[in-house]
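Below you'll find the structure, written out as structure tokens, and then a few comments.
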Amino acid sequence: MAQIADTFDFSDSFAIAFGTIAAQPWITGAFTAVLLPLVLLRLFWPLPEQRGRIEISTILSAVVLAVIAFTMTVTYRSPWTLVGAVAFGAVLAAIRRFARSGELRRFALAATGRIALIAGIGVLVLAVVDDEPWMGEEHITTTTRGTFDGYVLEESPGFLHILTADRAVLVLPSSTVTRRELID
């Protein structure tokens, strides 16, 4: 882990985050289907203590989640993220509208009020379940180790840091690498 963290550059955070989101589309789709209606309900039907306040973070969250839902629908040709978001939103709205008390109403209100906590848990679930690195796998040929598959974590002057399939980090001189080919 320390060797991987050593190659991490914080300027790559955005690419890493979106690479992680795209790596497990079924989890990301379910996650988005839950978060999108919660954010939209918070924006258009706020809790009593939130009335009169529109937060920029809520608007930005709604836009980002809507874009993710649309992108996942178009990219994977599957409407299930949007269908799931509409269904979950309809259930939450019905509970808020018709349940005057009870566990279901408390659940709906708590979920709408704790979007950041739910989002944090979702990101942690994605991090635990996603076993694919954020970059593409390559077929690498070297003069010293032969041919193997791995993920190039960093290209520093004169060296390549490569994550192998067995999760070992190799540091190889660039001069020993004769060919690199992205695996589809």
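Residues M72 and W80 fall into different hydrophobic clusters, defined by Ile, Leu, Val, Met, Phe, Trp and Tyr side chains chained together at heavy-atom separations under 4.5 Å. Two different hydrophobic clusters hold F70 and L35 under the rule that ILVMFWY side chains link at heavy-atom gaps under 4.5 Å. Two different hydrophobic clusters hold V86 and L38 under the rule that ILVMFWY side chains link at heavy-atom gaps under 4.5 Å. I68 and L82 are assigned to two separate hydrophobic clusters, defined by single-linkage of ILVMFWY side chains at heavy-atom distances under 4.5 Å. Following chains of ILVMFWY side-chain contacts shorter than 4.5 Å, one cannot reach V83 starting from V67, and the two form parts of different hydrophobic clusters.
A distance of 13.0 Å separates CD of E154 from CG of L163, quoted to the nearest 0.5 Å. Going from atom CG of D149 over to atom CD1 of I183 covers 3.5 Å, rounded to the nearest 0.5 Å. Between the CD1 atom of I115 and the CZ atom of R42 there is a distance of 5.0 Å, given to the nearest 0.5 Å. H139 NE2 to L182 CG: the interatomic distance, rounded to the nearest 0.5 Å, is 12.0 Å. Note that OG1 of T164 is 9.5 Å distant from CD1 of I140, once rounded to the nearest 0.5 Å.
The shortest non-hydrogen separation linking A108 to R96 is CB-CG, 4.1 Å. The nearest pair of heavy atoms linking V39 to T58 is CG1-O, 3.5 Å. What you find for A62 and L36 is that their closest heavy atoms are O-CD1, 4.0 Å. Across F159 and S174, no two heavy atoms sit closer than the pair N-OG, 3.1 Å. In this structure, S156 and H161 approach most closely via the heavy-atom pair OG-NE2, 3.8 Å. Nearest approach of P37 to F88, heavy atoms of both residues: CG-CD2, 3.6 Å.
Not a single donor-acceptor pair under 3.5 Å links the side chain of T142 to the backbone N or O of V177. A donor-acceptor pair under 3.5 Å is absent between the side-chain atoms of T32 and the main chain of L65, judged by distance alone. Judged by distance alone, with hydrogens and angles left aside, the side-chain atoms of R106 form no donor-acceptor pair with the main-chain N or O of S101 at under 3.5 Å.
Shown here is W45, whose CH2 atom has more than 12 heavy atoms of other residues, nucleotides or ligands within 6.0 Å. Other residues, nucleotides and ligands place more than 12 heavy atoms under 6.0 Å from the CZ atom of F148.
Under the salt bridge (Lys or Arg N to Asp or Glu O under 4.0 Å) criterion, R180 pairs with E138, E155, not counting sequence neighbours.
Among residues at least two apart or in separate chains, there is no side chain to side chain donor-acceptor pair (under 3.5 Å) pair with a member in residues 59-74.
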